Each structure stands twice: as C-alpha cells, then as structure tokens.
Peer 1: 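First, the structure itself, so that you have it in front of you.
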Number of protein chains: 2
Amino acid sequence: MNADGMRTSPPTLHDVARVAGVSLATASRVLNGSERKVAESFRERVEKAAEELGYTANASAQATARGTSAVIALLVADIADPYFGQIAAGVARGADAQGLIVTVAITERDADREAKILRALRGQRPRGVILAASRAETPDARTTAELAAFAPLGGRTVTFGEGGDRSIRIDNRGGAERLGREMAARGYRRAIAIGADEGVRTSDDRLAGFTAGFGDGGGRIERVYRGTFERESGAASMTTALAEGVDAGTLVFALSDVVAVGAMTAIRDGGRSVGDDIAVCGFDDVPVSRDVTPRLTTVRVPLADLGYEAFRATVDAEWEQPPLELEVVVRESTPGR
Amino acid sequence: MNADGMRTSPPTLHDVARVAGVSLATASRVLNGSERKVAESFRERVEKAAEELGYTANASAQATARGTSAVIALLVADIADPYFGQIAAGVARGADAQGLIVTVAITERDADREAKILRALRGQRPRGVILAASRAETPDARTTAELAAFAPLGGRTVTFGEGGDRSIRIDNRGGAERLGREMAARGYRRAIAIGADEGVRTSDDRLAGFTAGFGDGGGRIERVYRGTFERESGAASMTTALAEGVDAGTLVFALSDVVAVGAMTAIRDGGRSVGDDIAVCGFDDVPVSRDVTPRLTTVRVPLADLGYEAFRATVDAEWEQPPLELEVVVRESTPGR
DNA sequence: TTGAAAGCGCTAACAC
DNA sequence: GTGTTAGCGCTTTCAA
C-alpha cells in the first residue's frame, strides 16, 4: 500500500502472508486447498487476511508454478450457428462443473485458419482441446500436425470426427440411411440433396447413407447441389434447384437442418410451398427445426450431450463414448405421398 | 532431450537459446516481437532453433512475467441462445483479430452464479470482461461488487446495460415505442405482452416503450404475462393466455424474439393461427425470426456488431459507442387489420 | 547489440 | 505443523 492506503496493484499471496503473519507456504496451503494440514488458528488468520485484502490467486502464476493450466480450448466454425452453439453449451456445462475455463476460437470453416489457431492455442498449454470444426475429408495435414503437437504438452485432443487423441463419433451414415428408408416408406421416390459440402466427411457420410436407405425403398436422388453447411448456402442451392425445375412431390434432403431452413425460405421465395408441394428433411435436430413451419423432419443428434462427452473425453483418464442411436424424427415437413 | 532423442516435456525458451547458442534474453527478444534490435545472424539462428524444436511460448509464463494476460472474458446467460450467440460471435471476431483469447462462461441467468463466476474470473486477470447476461433491474449488489474488484487488476469491465466501467446501451425503450406506434398504425388496438422478465431492465424498458407507443396510437396492452427470455417460457405464457382467452385480431408483443418463437408454437399447438388470427411481434431480430413462418415482425438490434463494440470497449483507450438506431422490421406475422 | 541476473506470483520439496 | 528456498518459464532492467 502507498501512503494514502490505496493499493496500486492487486494483492499477492505474499501480501496475504505478511498481513496474516505467516509464511508464504502456509498461506498457499490454506488458500489453494492443498492436502496438507494447517492449524485452525493459522487458517483463520490467513482467510481473514485474504478476505480483507480481496485476494484472488493469479491463475497464470499458478499455472506456471504447477505446470498445468485449467483451460479447455474449444474450436468451432461459427459460434452463432446453432449446431456449434449446442455443442459449446455442452462443453461449457462440463467445464464449469469442474471449475475449468473454456476458451472459444472461431475457424470460420477455414482450414488454414484452423491450423493457425491450433498453433496459437498451444501457447495456452490447455488441458484439452476440442475441435468441432474440422472441414476436411481426411483430416487436413496441417491440422493433424498441429493436433499432434499437443501431445508433448500433455494436453489431450478430442475431435468431432477423426484426427484427435479421442473422437466423438456420430453415425451419420446410419442415421441418414434410416432417414432415407423412412422417407421412401412414406412414399417419396424422387429426391434432391442440397448443401453437400465438398470434401467434408460428415456430408459425404450423410449423403451416402441417405442414398442407400432411400434407394432400398425404391427412391432415387436425382440431383446433388454442393455448398456449405450454412443457411445461405442452403437457400442458394435451393434457388438454383428451383430454377432448374423441381417437380411437385419431390423430397429435398438437406444435409443439415441449418441448410434445410435456408432451403425452406428459398422454396417460399420461389413461390412454392413446403410440405405437399416440396417436402424437406434435414439432419441434426437443432432447436430451430421445431420452430419453423411446417416443423422439420430430421435426425436427432444430441449435440449438447455430445459436447459434454467431448469435455469428459478431454479430462477423464478412462473414457469411452456412450452408445448413441440416432433417431429419425418425422414431422410435418414431410407429410408423405 | 533424453538418450533416445524423445522429448519428454515441451521445449522452453531456455532450450531454444541453448540450441541457438545465444542467451535467454536474446532468444526472448527475437521470439516475442520486442522492440529491441537483434543482429540478423542471431535472429536467424534463434528462429531456426525454435522451428526445429517446435517451440511455442508458454502463455501463462508470459502473463506472469509481463503482468498482463491476453484474455477477454465473456459472460453470457446461455451460449446456445441466438441472442447471446450473436453477441459472442461479434466479440470473438474482434478478439481474434487482435490475437486475444476469449473465454466463455455461462451464468444460466442466475445472479448468484454470475457473481461466483466473476469472482473466479478474477484469477485470470483478464484484460477485459464483457458481461452480457445480467438479469437484474438495478445491477445486483454482488455483481456490482465483483465488477468493481476488477479495477485494481487493471482489467476493464463492459456491460450490456449498466454496471461496468463502460456500457453498451440499447435503446430498448425507444425501439419498442416505435414498434408499438407502428403496430397501432397497422390497425391493432388490443395487445397482450408475454415474457416480461420480472426485474430485468431490458424487459421493463421494452414493455414501457411499447405501452407508450401503442397507447399513442390508440392501442392498449390488456394483459402482461411474466416469464423469462427463454423459448419455453414464451410458449408457457402463451398457453396460459390462450386458456384465458385471446380474441382474434389480438397482437402478442413478445419481449424478445426467442420468446415470440415459443409463443408462435403455442399458438399453433392451441389450434389457432399466427397472423390474421393472432398477430405476433418480437424484439431483437435474431436469425430465427426470418426462418419462422410467418416471418416475425420485430425490432432489429445489431447484436453481432454490439458484441464487436463491446470488445472494442474493453481494449480501446478511447471509446464511444457509435450511435445506434433501432429499426422496426415489419414482416408477415403482423399482417395488419 | 548482447548477456547476466533479478524478478513476476505461486508451488512444492525439504528441512526444522 | 511451519517455514525456507529453489524452482516454473518468461521478461526486462542493467552492465558490459
């Protein structure tokens, strides 16, 4: 403190120890929940001093001294996208419960950026990194290299899809296959797929699965429109499809709900209607699929739970992904024929 | 390195210096972009060594040594909520551009939890904290105290609403007033308000503004249903309202778009329809308001931009919030009478 | 320009 | 049970 009693910099453990009249070590022991015993009288004095001074341990200093940080790094393509929002919520739930900090970085679906961020993240020496944004078919080489670089740092990497120390696996193919089968069962025979993201594993699996299931039921995918997993991309693809002609009774398989929502808007803007005219189904079951009209038929993926699992996977010594059955949810956007 | 050339712990600056055959200080100078000049030959050797070893500076150690961290802490009620998702995206955009890390914590709309998180966050010694989740009318006492505690640490606090060193202000009252006026002009005379969050400033301002504007145009709010700014709350309130009876031609003013979306679902589930039967308007213009059918009339709040502004406010020495005009966006959910 | 050395705030042996 | 002290990895005076 200076003359007028105003503190000019935050109180340190040293200050607390001095005020309490104990050693640095003792102060540290009572304030950081170490195992070692401290006499009650000392403990009280330290706590009182810490309280008075408004002391909070400096996390960076603790991390340097301990050699481990308390951060979980999360990488997503776009935090405002409901798909990633759900995942992030799950990760945050787990981390908060353990007193860990979660940092968020945005890749903007750019592999280059992804690798750069991963590299920068290394400096954080995170306890774990969760990559929920990879866009590559086979994991991008740079991403793989950066991911590997976390090993010597002691941090565990968990990826949605392949590439990390541990993976969160979603049976995109199986889910899509069931969806395709169900759609065929409901009488659809012709379909177009939109939002298929070139070189993205998730997209390819979903497309392959749907094609198989729908085919088994006697249906056929007539055209595939490429794009990204973004709303605008879905709208653009649908607009193009409409321009090329879409017969009434056609089913649109959007490779993600977000894409489906964009497509629904485009269908209406094109003067058509969703449902009996053009049916639409998606994948993910993000919250918005229940809010659109007609409500969207889709495949439910418990994203928040998976985010939580991803968190567990970063911190638990033993971990195994719980079995996950993707459920087809039929709603009004596919009334059947 | 040990005998077989495998590194067992991450390379330190010390290692780099040794391999490069220079001093610690020199290595530090070339690797951290300090102002000081280093001879080209030295620089090259250091960079080469760093590259070879795969060196990445330990951010915690840097933070302790420098006395400042590179983190911006963001507090939101729920990261999966589009309102906060948009804000987070804006914050992340700004932070990423400056090489700062953003940490996210979830308050779950709980004042107690908010205070606790703020306290824990202090340990991070963040460069700035952005509070986008406060639920109180007058800022909660504990929150205020925790916010104040950041001052001696050198971090700046920015709040959506009052309470921090700097505030992001949204003219909720003015926007709602214009919305109310516009709705009256479109022929509505009777309205009910839902989702009004008890004790939440934002909510009160919106309600007051709408009441005034709508009243000026000859309209009247007949009932107010309390709740939170969550989708389910909106649905529940609307269900209750329906049970009590809602005449055709009534306008529902939902205090946020998320609430409005919940209400729309409830209206349909109640066997009524949105538009000519029961009109609905919201506030915020989150992405989903353009995806529902009929599309939602609302007041556009540039949330992502405000998130970006909040970021600027935490880091810029000089900062002033750019003037912000909230625009009423009339869509099909309020067809007029 | 370069390097030696004293911190930054905290932890964890190790000794008393 | 308590205190001393040597680090943790990095930055930054201060001499040379």
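Computed from a predicted model, the values in this text were never measured in an experiment. No hydrogens, no waters, no symmetry mates; every other heavy atom, side chains included, goes into these values.
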Peer 1: Going from CD1 on I168(B) to OG1 on T159(B), what distance comes out if it is rounded to the nearest 0.5 angstrom?
Peer 2: 8.5 Å

Peer 1: Taking atom P of dT11(C) as reference, at what distance in whole Å does atom CG of N58(A) sit?
Peer 2: 10 Å

Peer 1: Between protein and nucleotides 2-4 of chain C, what N or O pairs are separated by less than 3.5 Å?
Peer 2:
| residue | atom | partner | partner atom | Å |
| --- | --- | --- | --- | --- |
| dT2(C) | OP2 | A39(B) | N | 2.7 |
| dT2(C) | O4 | R36(B) | NH2 | 2.3 |
| dG3(C) | OP2 | S23(B) | N | 3.1 |
| dG3(C) | OP2 | S23(B) | OG | 3.2 |
| dG3(C) | OP2 | T26(B) | OG1 | 2.7 |
| dG3(C) | N7 | R29(B) | NH2 | 2.5 |
| dG3(C) | O6 | R29(B) | NH1 | 3.4 |

Peer 1: Using the C1' atoms of five pairs at each end, what's the angle between the two axes of the helix from dT1(C)-dA16(D) to dC16(C)-dG1(D), to 10 degrees?
Peer 2: 40°

Peer 1: At what distance, to the nearest 0.5 angstrom, does NZ of K116(B) lie from OG1 of T143(B)?
Peer 2: 11.5 Å

Peer 1: Is a donor on one side and an acceptor on the other found under 3.5 Å between the side chain of S167(B) and the backbone of G161(B)?
Peer 2: yes

Peer 1: For the residue pair L13(B) and N32(B), establish whether any side-chain heavy-atom pair is separated by less than 4.5 Å.
Peer 2: no

Peer 1: Just by modelled atom types, is the T64(A) backbone N or O under 3.5 Å from a matching donor or acceptor in the S60(B) side chain?
Peer 2: no

Peer 1: Would you list the pairs meeting salt bridge (charged side-chain N to carboxylate O under 4.0 Å, His left out) in which at least one residue belongs to residues 151-164 of chain B, sequence neighbours left out?
Peer 2: E162(B)-R169(B)

Peer 1: Strictly distance-based, threshold 3.5 Å: is any side-chain N or O of R142(A) a donor or acceptor partner for the main-chain N or O of A115(A)?
Peer 2: no

Peer 1: Can I get a per-line list of side-chain donor-acceptor pairs under 3.5 Å for residues 79-103 of chain B, giving both atom names and the distance, sequence neighbours left out?
Peer 2:
| residue | atom | partner | partner atom | Å |
| --- | --- | --- | --- | --- |
| D81(B) | OD1 | Y83(B) | N | 2.7 |
| D81(B) | OD2 | R109(B) | NH2 | 3.3 |
| D96(B) | OD2 | R113(A) | NH2 | 2.6 |

Peer 1: Between V22(B) and V46(B), is there a side-chain heavy-atom distance shorter than 4.5 Å?
Peer 2: yes

Peer 1: Would you indicate whether the side-chain heavy atoms of E44(A) and V30(A) approach each other to under 4.5 Å?
Peer 2: no

Peer 1: Do T314(B) and V129(B) have side-chain heavy atoms sitting under 4.5 Å apart?
Peer 2: no

Peer 1: Listed in order of residue number, which residues of residues 120-129 of chain A have a non-hydrogen atom at under 4.0 Å from DNA chain C?
Peer 2: none

Peer 1: 5' to 3' on DNA chain D, which nucleotides open and close the contacts with chain B (atom under 4.0 Å from a heavy atom)?
Peer 2: dG9(D) to dC14(D)

Peer 1: Taking OP1 and OP2 of dC10(C), is either one under 4.0 Å from a side-chain nitrogen or oxygen of S28(A)?
Peer 2: no

Peer 1: Please give, in whole Å, the distance from dA12(C) P to R66(A) CZ?
Peer 2: 6 Å

Peer 1: NA contact type, A63(B), heavy-atom cut-off 4.0 Å: base, sugar-phosphate, or nothing?
Peer 2: nothing

Peer 1: Donor-acceptor pair, N58(A) side chain versus A61(A) backbone, under 3.5 Å?
Peer 2: yes

Peer 1: Is E320(B) atom CD crowded by more than 12 heavy atoms from other residues, nucleotides or ligands, each under 6.0 Å away?
Peer 2: no

